[in-house]
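Numbering of residues begins at 1 and proceeds along the displayed sequence. In listed order, ligands and their atoms are each counted from 1.
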Amino acid sequence: MSKKLHSKACTGTYANTSIRRGEVPSDKISFATPFPNYHPVDYTADFVKSGPVWADPANPSVLKFNTIDGATDRTSFVGYSVENGFPQNPIGRTGVTGRGNLGKWGPNHAADPILSSWKRDECGEKVYDPISRRPILRFVAIFRKKDSEWAIPGGMCDPGENISQTLKREFAEEALNSNDYPERKEIAENIFKKGIKIYQGYVDDPRNTDNAWMETQAYNFHDEIGKLDFVKLEAGDDAAAVKWTDISSDLALYASHKDFIEKVAKLHDAHW
Ligand code: RP5
């Protein structure tokens, strides 16, 4: 795993807090590299400790790791070990132990739906970038309220939910505001019929800790003929805004989302 894919998870302050992560030099990220001066901060948010339904118990010894544990999937796309009873981040040190803002010990599984279509002019013709001479692709992005960052409208898998259900539910909640307009779930059902898996694995998420981290499956649903350009987007749930966003290497997105979008651009031979 390159530094690039494990960088937001081990630098600066911990997500949405003023808690400084213990220092992790780039050559000491791997747990296999000895680092006797490692001093991680132990942090689990109060809202996680208070025991909401989506969170694990404080003591991980009652959990079954690396398997499907009841309704919770504790398997990993990258594999992980359990050290002294605590699951260990498969990529390496983050400067924080505990669960931080995450509910599950070990992998916290998510799904990322990437809806794409071509940028078109008033005549319906594809728009090309003047320098790369490639057509410009767009995707539906949401603005994450808590993080103040643009992102793919992804979200956590609910216990027992399959990936296809999570992809549709999250897009409907965040990009169509289906919480207020439940009938819009039907739109997501129709959009997300045939997708291409773009990525599965670890996410460089600012909430990751040494003992809890994000993993995702990102799927691309591409609308070649622009039939979805007129779907009414409306931000809901954790999203403050939603919009079709031109894809280019200038994008700044939450967690590893820019990497996923780059894969989509390359897949369609679009401008990047
Ligand atoms: C990221 O966090 C994933 O890629 C996914 O987009 C997101 C899920 O977390 P929530 O949106 O539910 O907070 O790591």
Taking atom 3 (C) of ligand 1 as the reference point, the nearest protein heavy atom with its distance: Asp112 OD2, 3.5 Å

Ligand-side contact atoms (ligand 1) for residue partner Asp205, heavy atom cut-off under 4.0 Å: 1 (C), 2 (O), 14 (O)

Atom 11 (O) of ligand 1 - nearest protein heavy atom and its distance: Arg144 NH1, 2.8 Å

Minimum heavy-atom distance Ser76-Gly79, with the two atoms named: OG-N, 2.9 Å

Separation between CG of Asn162 and SG of Cys157, rounded to the nearest 0.5 Å: 9.0 Å

Under 4.0 Å to a heavy atom of Met156 - the qualifying atoms of ligand 1, by number: 9 (O), 12 (O)

For Lys49, all residues meeting side chain to side chain donor-acceptor pair (under 3.5 Å), sequence neighbours excluded: none

Nearest-option assignment for atom 9 (O) of ligand 1, heavy atoms, candidates Arg207, Met214, His257: Arg207

Aromatic plane relationship, Tyr202 with His6 - under 30° parallel, 30 to 60° tilted, over 60° perpendicular: tilted

Electrostatic pair Asp56-Arg99, nearest N-O below 4.0 angstrom: no

Shortest protein heavy-atom distance from atom 8 (C) of ligand 1, along with the residue and atom involved: Gly155 CA, 3.6 Å

